[in-house]
Amino acid sequence: MTHSRPASSADRPVALVTGSTSGIGAAVARRLVREGYAVILHSRSSVDVGMAMARDLEHAAYLQADLADDSDRDRLVREAVATWGRLDVLVNNAGISHVIPHGDLAAATPDIWHELYEVNVVAPFRLVSAAEAALRAAAGRGRPASVVNISSHAGVRPKGASIPYAATKAALNHVTKLLATTLAPDIRVNAVAPGLVDTPLTAAWTDAQRLWKERSPMRRAASPDDIAHVVAMLVAADYLTGEVVVSDGGLNLC
Ligand code: NAD
């Protein structure tokens, strides 16, 4: 069900941002509205927040969907395309994490592996698949369409909240490159690989917060707006595809 759909947004390019009622996704949605997009907000459960955001942001609509469910993924893309009749940008931001010490192999159960893989890898791939026709149609208007996947520095270096989480983000980075070669030139596919970002997901990660403050060259974690800025750069850069932009304040250099 679509909530709030201002007719004044009809001539804007359209971006779907998954997981956009909090954290990085909310910052990306706000940023893309400022860049001239009409934005489809999405979340799994926080419908009231999504509807309120859609009312506040002038050019936004909200859709609910559980991305662990394949039929919900299809419905989300169908309803997103139907909202303003086009889809130019897909930001695969929704993701889940489990914090498990890497040495505790027994705690990384098959259920956790499957749950993380379904939401962090299968869902972004299936959303691109469902959106391919609409994105190719958008490219027919003169600019390549754009997919941006939010992965993690943990998918680039052997770090992160848990081995299963890091492995899903490494897989997403590889899927990014495979899709970039497969879907060019109509659809560009890039990824942002953030380090620590101050969001609800990481509010209790005190060790990581200390690490970024004391060791990273930029001496702080990222804000959601820092990551939204990189997403907006990738969306704007018509010649970039297959890039995984590590955005960790330089920690990977240390
Ligand atoms: P967040 O918890 O604020 O956002 C995650 C979003 O994903 C939420 O909106 C949630 O509703 C959505 N989501 C989770 N499971 C879903 C499902 N089954 N169906 C639909 N939506 C679902 O956290 P965040 O930190 O903003 O994370 C956003 C992305 O950034 C994630 O992919 C995360 O892995 C990645 N990331 C975050 C950090 C960080 O430090 N915060 C670092 C690197 C990467």
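Each ligand, and each atom within it, is numbered from 1 in the order the structure gives.
- Looking at T21 and Y62, their side chains never bring a donor and an acceptor atom within 3.5 Å of each other.
- In T202, the part holding a heavy atom less than 4.0 Å from any atom of ligand 1 is the side chain.
- When heavy-atom distances to ligand 1 are checked against a 4.0 Å cut-off, A154 has no atom that comes that close, whether in backbone or side chain.
- In terms of protein heavy-atom proximity, atom 13 (N) of ligand 1 is nearest to A94 CB, 3.8 Å.
- Under the side-chain contact (heavy atoms from CB on, under 4.5 Å) test applied with N120, the options N92, T168, L172 reduce to a single match, T168.
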Determine, stepwise, if the pair V81 / L16 fulfils side chain to side chain contact (heavy atoms under 4.5 Å, CB included). CA-CA 9 Å; V81 173; L16 166 60; over 6 Å; no
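- D69 and S71 share a side-chain donor-acceptor pair at under 3.5 Å.
- Close approach to I150 involves these atoms of ligand 1, each under 4.0 Å from a residue heavy atom: 29 (C), 30 (O), 32 (O), 35 (C).
- Contact between R188 and A237 at its shortest, heavy atoms only, is NH1-O, 2.7 Å.
- Summary of contacts: the protein heavy atom closest to atom 5 (C) of ligand 1 is G95 O, 3.8 Å.
- Residue-ligand proximity, S152 to ligand 1, at heavy-atom distances under 4.0 Å covers atoms 43 (C), 44 (C).
- Counting only heavy atoms of the protein, atom 4 (O) of ligand 1 lies nearest to S22 OG, 3.7 Å.
- Within the listing of ligand 1, atoms 18 (N) sit less than 4.0 angstrom from a heavy atom of A68.
- At least one protein heavy atom sits closer than 4.0 Å to atom 28 (C) of ligand 1.
- For R157, the CZ atom sits in a packed shell: over 12 heavy atoms of surrounding residues, nucleotides or ligands are nearer than 6.0 Å.
- The shortest non-hydrogen separation linking I40 to A80 is CD1-O, 3.9 Å.
- Heavy-atom contacts from other residues, nucleotides or ligands closer than 6.0 Å to NE2 of H98 number more than 12.
- The protein heavy atom nearest to atom 25 (O) of ligand 1 is T199 OG1, 2.6 Å.
- Across every non-hydrogen atom of V17 and G25, the tightest pair is CG1-O, 3.7 Å.
- Assignment of K169 to the shell around ligand 1 is supported, since a heavy atom sits closer than 4.0 Å.
- Atoms of ligand 1 lying under 4.0 Å from at least one heavy atom of I96, given by number and element, are 14 (C), 15 (N).
- For the pair V197/P224, a side-chain contact is recorded, criterion being any heavy-atom separation below 4.5 Å from C-beta on.
- Counting only heavy atoms of the protein, atom 33 (C) of ligand 1 lies nearest to Y165 OH, 3.7 Å.
- Side-chain N or O atoms of N190 include one that pairs as donor or acceptor with a backbone N or O of E243 at under 3.5 Å.
- In summary, the side chains of N93 and T18 do not present any donor paired with an acceptor at a separation below 3.5 Å, with no hydrogens or angles considered.
- In the model, S223 has no side-chain atom that pairs as donor or acceptor with a side-chain atom of D198 under 3.5 Å.
- Looking only at protein heavy atoms, the nearest one to atom 43 (C) of ligand 1 is P194 O, 3.4 Å.
- Contact analysis leaves S45 out of contact with ligand 1, as no non-hydrogen atom separation drops below 4.0 angstrom.
- Protein heavy atom nearest atom 26 (O) of ligand 1, with residue, atom name and distance: I24 N, 2.9 Å.
- Contact annotation for H42 and ligand 1: only side-chain heavy atoms (C-beta onward) come within less than 4.0 Å of the ligand.
- Both the backbone and the side chain of N93 come within 4.0 Å of ligand 1, counting heavy atoms alone.
- Contact of the R215 side chain with the L251 side chain is registered, since non-hydrogen atoms from C-beta on lie closer than 4.5 Å.
- Closest to atom 6 (C) of ligand 1 by heavy atom, among S97, A65, A222, G19, is G19.
- Proximity of S46 to ligand 1, defined as any heavy-atom pair under 4.0 Å, is not found for any part of the residue.
- Polar contact check, V197 against ligand 1: a nitrogen or oxygen pair lies under 3.5 Å apart.
- Using a non-hydrogen distance threshold of 4.0 Å, S151 registers as a contact of ligand 1.
- Looking at atom 18 (N) of ligand 1, its nearest protein heavy atom turns out to be D66 OD1, 3.0 Å.
- Listed by atom number, the atoms of ligand 1 under 4.0 Å from G23 heavy atoms are 3 (O), 26 (O).
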